[in-house]
There are 2 protein chains.
Amino acid sequence: MRDIAAQAGVAPITVSRALSSPDKVSPETLKKILEVVQKEGFIPNNVAGSMRATAKVIGTIVPPLINSGIADQVQGMSDACAAHGYQLLLVQGDFSAEAEDKAIMALLGWRPKGLIIQAFVQSKAARKRIATAGVPVVEISEIRGRTPMNLAVGISNFDAAYAMTQHLAGKGYKRIGFVSTPIHGNDRLRQRRVGYRKAIADLGIDQGDLEVEVPITSKGGAAALSILTERDPSIEVIFCSSDLLAFGAVQECRRRGWAIPDRIAIAGFGDMDLASQTYPAITTVRVDRYGMGRSAVDHLLSLAAGETGSGKSVDVGFEIIDRESA
Amino acid sequence: MRDIAAQAGVAPITVSRALSSPDKVSPETLKKILEVVQKEGFIPNNVAGSMRATAKVIGTIVPPLINSGIADQVQGMSDACAAHGYQLLLVQGDFSAEAEDKAIMALLGWRPKGLIIQAFVQSKAARKRIATAGVPVVEISEIRGRTPMNLAVGISNFDAAYAMTQHLAGKGYKRIGFVSTPIHGNDRLRQRRVGYRKAIADLGIDQGDLEVEVPITSKGGAAALSILTERDPSIEVIFCSSDLLAFGAVQECRRRGWAIPDRIAIAGFGDMDLASQTYPAITTVRVDRYGMGRSAVDHLLSLAAGETGSGKSVDVGFEIIDRESA
DNA sequence: CTGTTAGCGCCTTCAC
DNA sequence: GTGAAGGCGCTAACAG
C-alpha cells in the first residue's frame with residue numbers, strides 16, 4: 001500500500017480511503033490511485049484491515065455436507081455473503097457438543113462478525129464464550145421450545161411432522177411408521193419425532209412401536225422398510241424424516257416388486273430435488289433450505305448492526321407436497 | 001493476551017509460545033498459563049497472529065454445491081484442514097472466468113496459505129495475480145492436457161469416458177448416446193466428451209450425432225432420454241456425464257414403463273450414493289471425490305512447505321462399476 | 001527456557 | 001480533501 005501511495009504521489013491513508021470509501025477522495029486523486037492499483041495488481045490485505053475494523057467474515061458450522069439438504073443452505077449463505085461483501089468461514093462438525101465447542105473456538109479466533117450454527121448452541125461453555133466475545137449468533141434450527149441465544153431461523157419441525165402425519169391419516173392410512181436418522185443431539189429430528197408421536201396420540205391410533213432409527217443414507221431407508229414391515233406386516237405407510245431415506249425405501253420397494261402406494265406408501269421430508277424426480281414422486285414436506293441460509297445471513301448482519309432481535313425466531317414455514325408415493 | 005501474561009506472571013510471548021508450541025515452555029509455566037487461559041476463556045486472535053506468521057487458512061473456490069459430488073470434496077478438504085489445524089475459506093463461483101477472478105481476488109485478500117480451485121485457473125490475469133502473491137495452488141481438475149500452475153489433483157476424465165464407452169461397446173451396445181450438463185468452461189466435462197468421441201471413432205461406430213447438453217438436474221436426465229430416443233429410436237444406451245442425469249433418465253424410463261437395460265441401457269459418472277441405491281443400480285465410473293479433497297489439502301500444504309511439485313499431476317484414478325442399468 | 005524489541009499493513013483519530 | 005501519528009494483538013528475531 002505504501003508502494004501504491006508513493007507511485008501515486010499521495011499518502012498511504014489516501015489509498016486506503018480510495019479503496020474503501022471512494023467518495024471521500026477527489027475524483028482526480030481517485031482515478032490516479034485506481035490506475036496504479038490496477039497496474040500493480042494490488043490486493044489489500046484483509047487480515048491487516050481486520051485488526052482495526054471488524055472482519056467481514058461470517059463463521060458457520062455445518063453438519064456433514066454429504067447426503068443432506070445442508071448444501072442448499074450453504075449455497076444460500078454463500079450467495080447472501082457475497083451480496084454483502086462478506087466471506088464464509090466454514091467448519092464442519094457432527095452433532096456432538098464437543099465438536100461444536102471446538103468449532104466455535106476455532107471460528108471465534110478469527111473474530112468474525114457473527115456466527116451461523118446449524119442447531120441450538122448446546123453447551124453452556126460455548127454459549128458463555130460467544131456471549132463474552134460479543135458476537136451475534138443465528139441458529140438455523142427448530143424454532144419451537146428453547147429460546148435462541150439471539151435469533152433462530154427455521155421451521156417448527158414439530159408442526160411439520162404433525163401436519164404430515166395428520167395428512168397421511170387423512171388419506172386413510174391407519175398404521176403409520178416413522179423412520180429417522182440418529183436423533184441424538186439433533187433437535188430438529190427430535191421435534192419431528194415428537195410431532196409424529198403427538199399426531200398418532202391425537203388420532204387415537206393404537207399401533208405399538210413403529211419407529212426406527214437408521215444411518216443417514218438411502219441404504220438406511222431400505223433397511224428401515226425391511227425392519228418395519230417385518231415388525232408389523234400390516235404397516236401401511238412409512239414417514240421418513242428425510243427424503244434420502246424415503247428414496248431408499250422407494251427403491252427397496254421396486255426391488256421387491258411392491259407397488260407404491262398400494263402395497264405400502266412412503267412419505268419424506270425436505271423436498272430435495274430427488275423427491276420430485278423419483279418415480280413414483282415422493283410426498284414430502286417442503287422446506288426452503290436455500291432461503292433459510294440467505295435469511296440467516298441477512299438477520300445476522302442486522303444483529304451485528306445493532307438491531308436487537310434477541311430471543312426471537314423467524315419461521316420460514318413449510319408446505320406439505322402431496323405426490324404419488326403416499 | 002497481556003492480561004493472561006500478567007495474571008500468570010510471565011511475558012506475553014511466553015503465553016504465545018505456550019499456546020502454539022507448548023514444548024518450548026517449561027511444564028510448570030505451561031500449566032500455570034493454561035490455567036489462566038482456561039479461567040478467562042481466552043481465545044487468541046488469529047487475525048492478529050496472521051499478520052506476522054502466515055494465516056492457517058486455505059481458500060477454496062467451488063462450483064455450486066447443489067446437485068453434485070462437490071459436497072464430498074468439500075468434506076474431504078474440511079476434514080484434512082481440521083487435521084492440520086487449518087481453516088477453510090469457502091467461496092462459490094460458477095464456471096465463468098469472471099466469477100473465478102472475483103473469487104480469487106477475494107480469497108487472496110486474506111493472504112491464505114494456499115488456494116484450491118475446482119478447475120484449471122482460466123484467466124491469465126488470475127494466474128498472474130496468484131503468481132505475484134506467491135501462493136501455491138492446487139487445481140482439482142482434469143489432469144490431461146494443460147500443465148497446472150503448481151499441481152493438479154484429479155483423474156483423466158478423457159480416459160474414464162473412453163473406458164466407459166469401450167466398456168459399453170464391449171457389452172454389445174451399438175448405438176451409444178452421450179449426455180452432459182453444459183460443457184462451456186468446464187474442462188472435466190469437455191474431456192469426458194472428447195473421450196467418448198474418441199472411443200466411438202476408434203470403435204468405428206457410425207451413428208451420427210447422439211450428443212446432447214441438458215441442465216444439471218435429474219430433470220435434465222429425463223429430458224435427455226426423450227431427446228435422444230426421439231432423435232434416434234434405435235439408440236441402445238445412454239452414457240450420462242453425471243449420476244444425477246443417469247438417475248433422471250432411469251426414473252423417466254420407469255415412468256414410461258421401459259425396461260432397463262433391455263429397452264434402453266443407462267450409464268452414469270461419479271458413483272454417487274444415488275447410483276448404487278437406485279433400482280436398477282446404475283453402472284457408472286467411480287471417482288473418489290472425498291479423497292481428492294483430502295489429497296488436495298495435503299499436497300497444498302506440501303507445496304506451501306516449499307516442496308516443488310510444479311507442473312505435476314496427481315492421478316487419483318477411477319474405476320468402472322458395472323451394475324444392472326447397462 | 002524466558003524476555004525485549006520491533007513491526008506485520010492497515011485504519012482511527014486528530015490536525016491541517 | 002488530505003496527511004501524520006499511533007496502535008490493533010500477536011509473533012519473529014535476537015539476546016540473555
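Residue numbers begin at 1 in each chain, while the letters A, B, ... track the order of the sequences. Bear in mind the structure is a predicted one, so any value in this text is a computation, not a measurement.
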Candidate pair B/Lys31 and B/Glu35, rule salt bridge (charged side-chain N to carboxylate O under 4.0 Å, His left out), full reasoning: CA-CA 6 Å; B/Lys31 182 156 166 273; B/Glu35 264 168 21; 3.8 Å; yes
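In this structure a side-chain-to-backbone donor-acceptor pair under 3.5 Å is missing from B/Ser16 to B/Pro12. Formation of a donor-acceptor pair under 3.5 Å by the A/Ser78 side chain with backbone atoms of A/Val74 is not found in this model. Without hydrogens or angle criteria, B/Gln118 side chain to B/Pro63 main chain gives no donor-acceptor distance under 3.5 Å.
Shown here for B/Ile4 and B/Phe42, the closest heavy-atom pair between the two residues is CD1-CB, 3.7 Å. Heavy-atom minimum distance, B/Thr60 versus B/Leu107: N-CD1, 3.7 Å. Minimum interatomic distance between B/Pro182 and B/Leu189 (heavy atoms only, all atoms of both residues): O-CD1, 3.5 Å. The nearest pair of heavy atoms linking A/Gln7 to A/Lys39 is OE1-NZ, 3.0 Å.
Remark: P of C/dC14 and CZ of A/Arg52 are 12 Å apart, rounded to the nearest angstrom. A/Leu19 has its CG atom 13 Å from the C1' atom of C/dG9, to the nearest Å. Here the C1' atom of nucleotide C/dC10 and the NZ atom of A/Lys56 are 16 Å apart, to the nearest Å. Remark: P of C/dC14 and CD1 of A/Ile13 are 14 Å apart, rounded to the nearest angstrom. Between the CZ atom of A/Arg17 and the P atom of C/dT12 there is a distance of 10 Å, given to the nearest Å. For B/Lys24 and C/dG3, the NZ to P distance is 16 Å, given to the nearest whole Å.
Each of B/Arg111 and B/Asp23 lies near DNA chain C, and the nucleotide nearest B/Asp23 is the one positioned closer to the 5' end. The residue among A/Ser16 and B/Pro12 whose nearest nucleotide of DNA chain C is located toward the 5' end is B/Pro12.
The shortest distance between the side-chain N/O atoms of B/Ser26 and the OP1/OP2 oxygens of C/dC1 is not below 4.0 Å.
Scanning DNA chain D 5' to 3' for nucleotides with an atom closer than 4.0 angstrom to a non-hydrogen atom of chain B gives a first and last hit of D/dG9 to D/dA12.
For the contact set between residues 30-51 of chain A and DNA chain D, defined by any heavy atom under 4.0 Å, the members are A/Met51.
Across all strands shown, B/Ser20 has no heavy atoms under 4.0 Å from either base or sugar-phosphate atoms.
Every residue was checked against the side-chain hydrogen bond (donor to acceptor under 3.5 Å, both in side chains) condition with A/Lys56, not counting sequence neighbours, and none meets it.
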